[in-house]
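One structure is given here, and the rest of the page talks about it.
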2 protein chains.
Amino acid sequence: MGSETIYRATTTAPVNIAVVKYWGKRDTKLNLPTNSSLSVTLSQADLRALTTASCSASYTGGDSLLLNGENAEVTGARTQACFRELRARRAALEAADPSLPKLSTMPLRLVSENNFPTAAGLASSAAGFAALARAIADLYELPASPAELSLIARQGSGSACRSLFGGYVAWRMGDKADGSDSMADQVADAAHWPEMRALILVVSAAKKGVSSTSGMQQTVETSGLFKERIASVVPRNMAIMEKAIAERDFPAFAEVTMRDSNSFHATCADTYPPIFYMNDVSRAAIRAVEQVNAKAGRTVAAYTFDAGPNAVIYYLEKDAAAVVGSFYHILGAVEGWKASTVQGLTSTSAVIEEGIAGILKTGVSRVIETGVGGGPIKTEEHLVAADGTPVKR
Amino acid sequence: MGSETIYRATTTAPVNIAVVKYWGKRDTKLNLPTNSSLSVTLSQADLRALTTASCSASYTGGDSLLLNGENAEVTGARTQACFRELRARRAALEAADPSLPKLSTMPLRLVSENNFPTAAGLASSAAGFAALARAIADLYELPASPAELSLIARQGSGSACRSLFGGYVAWRMGDKADGSDSMADQVADAAHWPEMRALILVVSAAKKGVSSTSGMQQTVETSGLFKERIASVVPRNMAIMEKAIAERDFPAFAEVTMRDSNSFHATCADTYPPIFYMNDVSRAAIRAVEQVNAKAGRTVAAYTFDAGPNAVIYYLEKDAAAVVGSFYHILGAVEGWKASTVQGLTSTSAVIEEGIAGILKTGVSRVIETGVGGGPIKTEEHLVAADGTPVKR
């Protein structure tokens, strides 16, 4: 088997945190959403999935995925859908040019690692499926654009389609039954508004909540308020948000971000039985952001929460002292602060009131400082060695 | 002055806990609601306001109110509206029959006491304004029906209009600009479904939240989901609830009660900035009720939350062992349990899971066991002595 060629391609893909949330599918098989959504792609220096896609006629035992050092399932419908779509495109190239090696017929060996603790409870599936799609497309040398790959990654994990691009990314819900128009596009690249920063407060959840996959369908089926979110709240938020990004209008960006997070969690609370992703620590983070903005006399920070208790706080670089300073003042003891940011801070006086500060001190386990970043990056840092074996790290 | 007659009338009025919530005014001055609501009147043996209305030409210093032993403000617009409406009706009687004493011109001396700790954080304004209206109407010997008095009490505190009746009470929102059709009516008296019980878990709120008066208008003005609640959710809940009560269908009563509480708190969370009345202890109570129902294999309990963290759990007398037993098993140490209920319990095995039980044990400060009850009751237990002085107790 040593004589058989080992084909490899490796890419990194980013995490994205939505400011207009995806919640609800109109087609669960194709991962077609009930509404469009918009997110900020976060810097891969802080949060990224690194994935090597490899194939070889010498590989035995079929397709495989080694995720963060452990064998993961690849027989799931979503992963299979991605493999099928990518292999079909490769097969078309091979049919058109018989000189091409038949990679589409070879077993796939995928090895993927995240550079952030899974314990952080950050949705890693978006970065993971985006990296998987991009790496296999590169392995197969497909002429696929990020938009086309977003159609494929979407079938793995809805929000993954937004991680094929950097900067500010919209996932257009589309209206076709086959989902061929439900893809991502870049509203603006990171360079358009590079000052966008994010401070993530990692909150240790007392208990794993409802998975977002099942949760969102329970909301679609039982919330009496949900259809209003879909019919009018989200379309309005998308329009205001795209304009705010085009004009680099942080107060407008911030208000929609906070309102849409509130609206999303409200529909979860209106689900029957109710779904609660935020806890008292999350709510304390909201009050803290309100106090930081009140102290500044203008909107310098915006909170948003995904399907978990972690708070993601967006702010602009120029307001780091007001925002990061206020949280570092009470959470300086937890891990994750960047020396670069913290050194620059003039000692801040207490901005967040005692009661709220106390709840945050006991409930926040770590912080992650990051900001807007670019899309997937091809790299030679392969996780599969030249002989086809997974790289030990 | 000793020669001047002292006129007195005393009544008790009950607390009511809504199962279809009142949240939002279409007219803040007249307390006209954005939607109809429905509540269960609770037994006055456990929760009631006792109010004596007295007047005399000998009283000096104008109208006064002694509430739970402390002088309270009577100059507020809402209290003044109630006084004005009642005096106008008395004045009409006096004009028609000159032989009647001119009570409408005399200073009012009101003394009121609740039989439950204000610390419990139970909305006492409903019982208070209902008792105030009923006591003054009796003092003035007005021929006013409970429905007519509900129009007056409504102007003091919206939900007070529902405390003029016992049993199961609807507040019809009405559509007239002057509010003359926004009043309460009795859907069914307590005797129609006397087995309805309520277990109240008193949760010590870490911090006083937003007052319901200001909170509900913030929701009306900023929630993108609120109008859907008003336009379709509440009308549907009202229809299902009235049928459930007519048919004594507890599962239907319970589902609407829980869904409507969820919907109300969802619109609070969708308010900008968001309003949170429930905390992690409240949410643990919801999970506990779900577990009690799951263990029973049918719906034996229903939770509902007003503008605060306390959980009110409705159940039927026949299911006391399953419901009260499950909570007594973990909360037996807190005050408020009735020997009569507890003695009847066969020792229950743990139904509520450990994590949830732990949160409840640390967050519930007391319980109140009660049930559906009757409307205001006239009594000779005056809080103003024959000589016009407040009774010391």
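Numbers restart at 1 for each chain; the letters A, B, ... are given by sequence-line order, proteins then strands. All of these numbers come straight from a predicted model, not from anything done at the bench.
Contacts from residues 236-256 of chain B to chain A, taken as heavy-atom pairs separated by less than 4.5 Å, involve B/Arg236, B/Glu255 in sequence order.
Using a 4.0 Å cut-off between charged side-chain N and carboxylate O, A/Arg229 and A/Asp260 make a salt bridge. Look at B/Arg283 and A/Asp280 and you find a salt bridge, because one of the NZ, NE, NH1 or NH2 atoms lies within 4.0 Å of a carboxylate O, short of that distance. Ion pair A/Asp319/A/Arg197 not flagged as a salt bridge, since none of the NZ, NE, NH1 or NH2 atoms sits closer than 4.0 Å to an Asp/Glu carboxylate oxygen.
Two residues are said to be in side-chain contact when any heavy atoms from C-beta on lie closer than 4.5 Å; A/Leu199 and A/Tyr314 fail this criterion. Counting only heavy atoms from C-beta outward, the side chains of A/Tyr303 and A/Thr257 never approach each other to under 4.5 Å.
Only the backbone of A/Ile275 comes within contact range of chain B, with at least one heavy atom under 4.5 Å from a heavy atom of that chain. Proximity to chain B is limited to the side chain of A/Ser232, based on heavy atoms less than 4.5 angstrom apart. Only the side chain of B/Ile286 has a heavy atom closer than 4.5 Å to any heavy atom of chain A. Using a 4.5 Å cut-off between heavy atoms, A/Ser261 does not touch chain B at all.
Checked by atom type, the side-chain pair B/Thr304/B/Lys21 shows a donor-acceptor distance below 3.5 Å.
At least one donor-acceptor pair under 3.5 Å links the side chain of B/His265 to the backbone N or O of B/Phe305.
The distance from atom CG of A/Asp306 to atom CE of A/Met278, rounded to the nearest 0.5 Å, is 11.5 Å. The structure places CG of A/Asn35 at 10.5 Å from CZ of A/Phe264, a figure rounded to the nearest 0.5 Å.
With chain B as partner, the option from A/Thr222, A/Asp270, A/Val233 having the largest number of non-hydrogen pairs under 4.5 angstrom is A/Asp270. Interface check for chain A: of the options B/Pro274, B/Ser223, B/Ala231, B/Pro273, the most heavy-atom pairs under 4.5 Å are formed by B/Pro274.
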